[in-house]
K.L.:
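This structure is in structure tokens; I'll ask about it shortly.
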Amino acid sequence: MTDLWELENALALQGYSPICGVDEAGRGPLAGPVCAAAVILAPGTALPGLNDSKKLSERQRERLFDEIRAKALGYGIAFASVEEIEEQNILQATFLAMDRAIRQLEPLPRLALIDGNQSAPFFPVECRPVVRGDARCASIAAASILAKVSRDRYMCRMSECYPQYGFARHKGYGTAAHYAALDRYGPCAIHRDSFLKKWKQR
């Protein structure tokens, strides 16, 4: 089993403290914003069941969401809007959300571990990309849960505004039911036009 603290412990021995983990949710959906979270955990913080948010059930994520916020030394949760995704592209909008999340931390961390293989040069702290970081690093796993739950809750609220699309079920991803709703009703205000090329070409 992967030791989620191995990387952060090694970096702490090199003088990096505090360290935050950063991850996003919602890069792939056809609708809704992208969300990012940044989390600072004290070394060895007990969070039973902590893992990559994609490997957890909704119930497990909801439980850990509250526990992470209660135990974290600091956390930030931020969004980049559909308009920003359309204006800048999804990668830059994701970096924008991550930047906003990191800047909510007080004090700023010494190092930010970013899930994935790249980070933005404008982040306010030194960064290090970590491939598959949400499955390898405790603070990134915690950030993945905060981002996923926060975005899912947002999409559930949007389902009340646009009930015909079923956002509470698929959270904006391109499921068969979502495409069927698009066929019937067309896109709404929170759809990402640049993500609808596949649907438009059908």
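Predicted model only: the values in this text are computed from it and were never measured.
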K.L.:
Hey, could you give me the CG/CG distance between Asp115 and Asp52, rounded to the nearest 0.5 Å?
P.N.:
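CG of Asp52 is found 7.5 Å from CG of Asp115.
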K.L.:
At their closest point, which heavy atom of Lys54 faces which heavy atom of Asp134, and how far apart are they?
P.N.:
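Minimum heavy-atom separation between Lys54 and Asp134: NZ-OD2, 2.8 Å.
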K.L.:
Is any side-chain heavy atom of Leu146 closer than 4.5 Å to a side-chain heavy atom of Arg69?
P.N.:
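Heavy-atom side-chain distance check passes, below 4.5 Å.
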K.L.:
Supply the atom-to-atom distance Leu64 CG to Lys148 NZ, rounded to the nearest 0.5 angstrom.
P.N.:
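Rounded to the nearest 0.5 Å, the CG-NZ separation comes out at 14.5 Å.
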K.L.:
Nearest 0.5 Å, please: how far is CD in Glu83 from CD in Glu87?
P.N.:
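Answer rounded to 0.5 Å: 7.5 Å.
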K.L.:
Mark yes or no for whether Thr45, through its side chain, and Ala42, through its backbone, hold a donor-acceptor pair below 3.5 Å.
P.N.:
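Judged by distance alone, yes, a pair lies under 3.5 Å.
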K.L.:
Considering all heavy atoms of both residues, which atom of Phe65 and which atom of Ile145 are nearest to each other, and what is their separation?
P.N.:
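Scanning both residues, the minimum pair turns out to be N-CG2, 4.0 Å.
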K.L.:
Any side-chain to backbone donor/acceptor pair from Ser144 onto Ser53? Under 3.5 Å, distance only.
P.N.:
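Yes, because the side chain of Ser144 sits within donor-acceptor range (under 3.5 Å) of the backbone of Ser53.
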K.L.:
Provide the closest heavy-atom pair for Ala36 versus Ala101 in the form atom of the first, atom of the second, distance.
P.N.:
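Heavy-atom minimum between the residues: O-CB, 3.8 Å.
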K.L.:
Spell out, yes or no, whether Leu91 and Phe195 are grouped together once hydrophobic residues are joined by side-chain heavy atoms under 4.5 Å, including indirect joins.
P.N.:
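No, because Leu91 and Phe195 fall into different hydrophobic clusters, even though each may have its own neighbours under 4.5 Å.
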K.L.:
In terms of relative ring orientation, are His178 and Tyr165 parallel, tilted or perpendicular, with 30° and 60° separating the classes?
P.N.:
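Perpendicular.
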K.L.:
Just so I know, are the side chains of Val34 and Phe79 near enough to count as touching, which here means a heavy-atom distance under 4.5 Å?
P.N.:
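Val34 vs Phe79: side chains apart.
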K.L.:
Would you call Phe95 and Arg100 a side-chain contact if the rule is heavy atoms closer than 4.5 Å?
P.N.:
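The answer is no, as the side chains (C-beta and beyond) never meet within the 4.5 Å cut-off.
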K.L.:
Would Tyr162 end up clustered with Tyr185 when hydrophobic side chains under 4.5 Å apart are linked, directly or stepwise?
P.N.:
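As far as the 4.5 Å side-chain criterion goes, Tyr185 and Tyr162 are connected within one cluster.
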K.L.:
Test your reading of the model: is there a side-chain donor-acceptor pair from Asn117 to the backbone of Val131, 3.5 Å cut-off?
P.N.:
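Between the backbone of Val131 and the side chain of Asn117 there is no qualifying donor-acceptor contact (under 3.5 Å).
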K.L.:
Please check: side-chain N/O of Gln60 versus main-chain N/O of Ser57, any donor-acceptor pairing under 3.5 Å?
P.N.:
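Present.
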K.L.:
Got Val22 and Phe123 here, is their nearest side-chain heavy-atom distance under 4.5 Å?
P.N.:
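No, too far: nothing below the 4.5 Å cut-off.
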K.L.:
Over all heavy atoms of both residues, which pair between Arg27 and Ile90 is shortest? Give the atoms and the distance, please.
P.N.:
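Looking at all heavy atoms of both residues, the shortest contact is O-CG1, 3.5 Å.
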K.L.:
Apart from Ile140 itself, what residues make up its hydrophobic cluster when side-chain heavy atoms of I, L, V, M, F, W and Y under 4.5 Å apart count as a link, directly or indirectly?
P.N.:
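Leu7, Leu11, Tyr16, Ile19, Leu111, Leu113, Val130, listed by chain and number.
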K.L.:
Under a 4.0 Å threshold between the charged nitrogen and the carboxylate oxygen, would Asp193 count as salt-bridged to Lys200?
P.N.:
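Salt bridge present between Lys200 and Asp193.
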K.L.:
Quick one: are Arg61 and Asp152 in side-chain contact, heavy atoms under 4.5 Å?
P.N.:
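Contact flag for Arg61/Asp152 side chains = yes.
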K.L.:
Is the side chain of Glu84 donor-acceptor paired with the backbone N or O of Ser81 at a distance under 3.5 Å, no angle test?
P.N.:
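Yes, the answer is positive, given that a donor and an acceptor are paired below the 3.5 Å cut-off.
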K.L.:
In this structure, would Val125 and Met98 fall into the same cluster of hydrophobic residues linked by side-chain contacts under 4.5 Å?
P.N.:
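Val125 and Met98: one cluster.
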K.L.:
Given 3.5 Å as the limit, does a donor-acceptor pair link the side chain of Ser159 with the main chain of Cys156, or not?
P.N.:
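It does not hold such a pair.
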K.L.:
Write down the atom of Leu105, the atom of Gly74, and the distance for their closest heavy-atom approach.
P.N.:
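Result for this residue pair: CD2-C, 3.6 Å.
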K.L.:
CD1/Ile190 to SG/Cys161 distance, rounded to the nearest 0.5 angstrom?
P.N.:
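Rounded to the nearest 0.5 Å, the CD1-SG separation comes out at 8.0 Å.
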K.L.:
To the nearest 0.5 Å, what is the distance between CE (Met158) and NZ (Lys171)?
P.N.:
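One finds 13.5 Å between CE of Met158 and NZ of Lys171.
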K.L.:
So, using side chain to side chain donor-acceptor pair (under 3.5 Å) as the criterion, who are the partners of His170 when residues are at least two apart?
P.N.:
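His170 satisfies side chain to side chain donor-acceptor pair (under 3.5 Å) with no residue once adjacent residues are dropped.
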K.L.:
Do Leu182 and Ile85 land in one hydrophobic cluster if side-chain heavy atoms of ILVMFWY residues count as linked below 4.5 Å?
P.N.:
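Cluster IDs for Leu182 and Ile85 match.
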K.L.:
For Gln104 and Ala78, which heavy atoms make the closest approach, and how far apart are they?
P.N.:
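Answer, listing the atom of Gln104 first, then Ala78: NE2-CB, 3.8 Å.
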K.L.:
So for atom CD, which belongs to Gln14, do other residues, nucleotides or ligands contribute more than 12 heavy atoms lying within a distance under 6.0 Å?
P.N.:
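Enclosed: over 12 neighbouring heavy atoms sit under 6.0 Å from CD of Gln14.
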K.L.:
Between Leu56 and Leu50, is there a side-chain heavy-atom distance shorter than 4.5 Å?
P.N.:
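Side chain of Leu50 against side chain of Leu56, heavy atoms only: no contact under 4.5 Å found.
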K.L.:
Test your reading of the model: is there a side-chain donor-acceptor pair from Asp23 to the backbone of Ala143, 3.5 Å cut-off?
P.N.:
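A pair under 3.5 Å: no.
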K.L.:
Between Ile77 and Cys35, does a side chain to side chain contact (heavy atoms under 4.5 Å, CB included) hold up when you go through it step by step?
P.N.:
CA-CA 7 Å; Ile77 301 170; Cys35 182; 3.8 Å; yes
K.L.:
A cation-pi test, strictly: NZ or CZ of Arg157 under 6.0 Å from the centre of the six-membered ring of Phe167 and no more than 45 degrees from its axis. Yes or no?
P.N.:
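No.
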K.L.:
Judged by atom type as modelled, is there a donor-acceptor pair below 3.5 Å linking the side chain of Asn89 to the main-chain atoms of Gln92?
P.N.:
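Yes: the side chain of Asn89 pairs with the backbone of Gln92.
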K.L.:
Do we see a donor-acceptor contact under 3.5 Å between the side chains of Ser194 and Glu86?
P.N.:
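Checked: Ser194/Glu86 side chains pair up, N/O donor to acceptor below 3.5 Å.
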K.L.:
Indicate yes or no for a side-chain donor-acceptor contact from Glu8 to the backbone of Pro43 under 3.5 Å, with no hydrogens or angles considered.
P.N.:
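Not a single qualifying donor-acceptor pair exists.
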K.L.:
Is the shortest side-chain heavy-atom distance between Arg192 and Pro29 below 4.5 Å?
P.N.:
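Result yes, sub-4.5 Å side-chain heavy-atom pair found.
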K.L.:
Return the CG to CZ distance between Leu47 and Arg63, rounded to the nearest 0.5 Å.
P.N.:
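The distance works out to 8.5 Å.
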K.L.:
Would you say NZ of Lys197 has more than 12 non-hydrogen atoms from neighbouring residues, nucleotides or ligands within 6.0 angstrom?
P.N.:
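At most 12 heavy atoms, drawn from other residues, nucleotides or ligands, come within 6.0 Å of this atom.
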K.L.:
Look at Glu62 together with Arg153 and state whether they make a salt bridge at an N to O cut-off of under 4.0 Å.
P.N.:
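Yes, this pair counts.
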K.L.:
Are any of the side-chain heavy atoms of Lys71 and Leu41 separated by less than 4.5 Å?
P.N.:
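Of all side-chain heavy-atom pairs linking Leu41 with Lys71, none is under 4.5 Å.
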